[in-house]
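Every chain is numbered from 1, with letters handed out A, B, ... down the list of sequences. Treat the numbers as computed from the prediction; the structure is a model and nothing was measured.
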Number of protein chains: 2
Amino acid sequence: MNHEQKRKSEILKALGHPIRYCIVEGLLSGERNVASLMDCLSLPQPTVSRHLQILKSAGILGVQRAGNEMHYSVINTEARKVVESLR
Amino acid sequence: MNHEQKRKSEILKALGHPIRYCIVEGLLSGERNVASLMDCLSLPQPTVSRHLQILKSAGILGVQRAGNEMHYSVINTEARKVVESLR
DNA sequence: TATTTATATATAAATATACGGATACTTAAT
DNA sequence: ATTAAGTATCCGTATATTTATATATAAATA
């Protein structure tokens, strides 16, 4: 088991949770801030926020502030490919 | 969050572990029985066996007995695509 | 039948993860 | 300065996962 394999399995682990998978799929279709994801998932805000952090520290999401909103987007090519391979 | 998304995230979860990712990658390159995977991973046999069961119950692996040996193979198209998308 | 080889299962301990609620932080508007 | 909106963090508890050890099963061989 090499380092590349570990790295890739970490991406899959981050995506391997229904909420997080849904978030990434949603972001690939253009949704942006936390509130819109909350509505779409009907989950309490802290829960959504927590999963966003997990995805961010896995290097899958990037974030940019826009006023008081945070705009998240998928910045990781591999994660994007993985989700797209499941279309 | 719909049922499809849950289903897909379960596949990713099963693959989101370094040992299991390594097993599936290995099986796509032709390795077969538990002993050969053990050697490749240098892990105790029960550990390998346990992860094989997890992959099997996730519907990712199929197994066939060949005498003494159990021959595992990747039977899930989506899992195959996911791993190949990370090549 | 007894033994060996290959693989699976059970249990328990350690660790990791999930979730809800309260709260803190940051920016914008008043 | 105060308030409101949007978001992040912390904490406690519940649950799940991982691993090792020990043991069990199943087929092959002696």
Side-chain angles (χ1 to χ4, degrees), chain A residues 1 5-24 26-27 30-75 79, chain B residues 1 5-24 26-27 30-75 79:
Chain A
M1 174 161 43
Q5 290 171 322
K6 271 186 201 161
R7 200 181 55 72
K8 290 172 183 172
S9 73
E10 274 162 26
I11 292 175
L12 297 178
K13 182 179 183 182
L15 294 172
H17 184 287
I19 295 177
R20 294 195 291 268
Y21 183 81
C22 195
I23 287 174
V24 173
L27 288 176
E31 283 146 46
R32 288 185 157 188
N33 65 342
V34 178
S36 75
L37 292 166
M38 263 177 69
D39 292 347
C40 153
L41 293 161
S42 51
L43 287 169
Q45 175 269 321
T47 302
V48 175
S49 207
R50 184 140 203 307
H51 287 291
L52 285 168
Q53 295 321 302
I54 291 171
L55 288 165
K56 188 164 146 253
S57 39
I60 293 175
L61 299 187
V63 64
Q64 203 174 5
R65 180 177 283 281
N68 52 356
E69 297 183 355
M70 302 296 268
H71 286 194
Y72 284 89
S73 57
V74 180
I75 60 170
Chain B
M1 174 161 41
Q5 290 171 322
K6 273 187 200 160
R7 199 180 55 73
K8 289 171 183 172
S9 72
E10 275 162 27
I11 292 175
L12 297 177
K13 181 178 184 183
L15 294 172
H17 184 288
I19 295 176
R20 293 195 292 267
Y21 182 80
C22 193
I23 287 175
V24 173
L27 287 177
E31 284 146 45
R32 289 185 158 187
N33 66 341
V34 178
S36 75
L37 293 166
M38 264 177 66
D39 292 347
C40 154
L41 293 161
S42 50
L43 287 169
Q45 175 269 321
T47 301
V48 176
S49 204
R50 178 119 215 327
H51 287 291
L52 286 169
Q53 294 323 301
I54 291 172
L55 288 165
K56 187 162 148 254
S57 39
I60 293 175
L61 300 186
V63 64
Q64 205 174 5
R65 181 176 282 282
N68 249 359
E69 299 181 354
M70 302 296 271
H71 286 193
Y72 284 89
S73 57
V74 179
I75 60 170

>> Checking B:R32 against B:E69 for the side chain to side chain contact (heavy atoms under 4.5 Å, CB included) test, could you report, in this order, the C-alpha distance in whole Å, the side-chain angles of both residues, the deciding distance, and whether it holds?
In response: CA-CA 9 Å; B:R32 289 185 158 187; B:E69 299 181 354; over 6 Å; no

> Which base sits across from D:dA30 as a Watson-Crick or G-U pair, both distances under 3.5 Å?
Replying inline: C:dT1

> Contact class for B:I19 (heavy atom, under 4.0 Å): base, sugar-phosphate, or nothing?
Replying inline: sugar-phosphate

> Of all nucleotides in DNA chain D with an atom under 4.0 Å from a non-hydrogen atom of chain A, which is the first and which the last going 5' to 3'?
Replying inline: D:dA5 to D:dT9

> For B:C22 and B:L41, which heavy atoms make the closest approach, and how far apart are they?
Replying inline: SG-CD2, 3.3 Å

> Could you give the CD-to-P distance, from A:E10 to C:dA16, as a whole number of Å?
Replying inline: 13 Å

>> If I compare all heavy atoms of B:G16 with all of A:L12, which pair ends up nearest, and what's the gap?
In response: CA-CB, 3.8 Å

> Just by modelled atom types, is the A:L52 backbone N or O under 3.5 Å from a matching donor or acceptor in the A:R50 side chain?
Replying inline: no

>> Counting the atoms with a prime plus P, OP1 and OP2 as sugar-phosphate, which does B:S49 contact under 4.0 Å by heavy atoms, base, sugar-phosphate, or nothing?
In response: base

> Which heavy-atom pair separates B:M1 from A:I19 by the least distance, and what is that distance?
Replying inline: SD-N, 4.0 Å

> Taking all atoms of both residues into account, what is the closest heavy-atom pair of A:G59 and A:I75, and its distance?
Replying inline: O-CG1, 3.8 Å

> Taking atom OH of B:Y72 and atom OG of B:S36, what is their separation to the nearest 0.5 Å?
Replying inline: 11.5 Å

>> Both B:R50 and A:L43 contact DNA chain C. Which one's nearest nucleotide lies toward the 5' end?
In response: B:R50

> Taking only N and O in the side chain of A:H17, is any of them less than 4.0 Å away from OP1 or OP2 of C:dA18?
Replying inline: yes

>> Ignoring hydrogens, what is the shortest heavy-atom contact between A:R20 and A:K13? Give both atom names and the distance.
In response: NH2-O, 3.7 Å

> Is there a side-chain polar atom (N or O) of A:H51 under 4.0 Å from OP1 or OP2 of C:dC19?
Replying inline: yes

>> Once you apply a heavy-atom cut-off of 4.0 Å, does B:K56 come out as touching a base, just sugar-phosphate, or nothing?
In response: nothing

> For DNA chain C, which residues in residues 58-72 of chain B have a heavy atom at a distance below 4.0 Å?
Replying inline: B:N68, B:E69, B:M70, B:Y72

> What integer distance in Å separates A:Q45:CD from C:dA18:C1'?
Replying inline: 16 Å

> Heavy atoms under 4.0 Å, any strand shown: does B:P46 hit a base, just sugar-phosphate, or nothing?
Replying inline: base

> If every non-hydrogen atom of A:Q5 is compared with every non-hydrogen atom of B:Y21, which pair is closest and at what distance?
Replying inline: O-CD2, 3.8 Å

> Taking any strand in view, what nucleotide pairs with D:dG6 in a Watson-Crick or G-U wobble way, both distances under 3.5 Å?
Replying inline: C:dC25

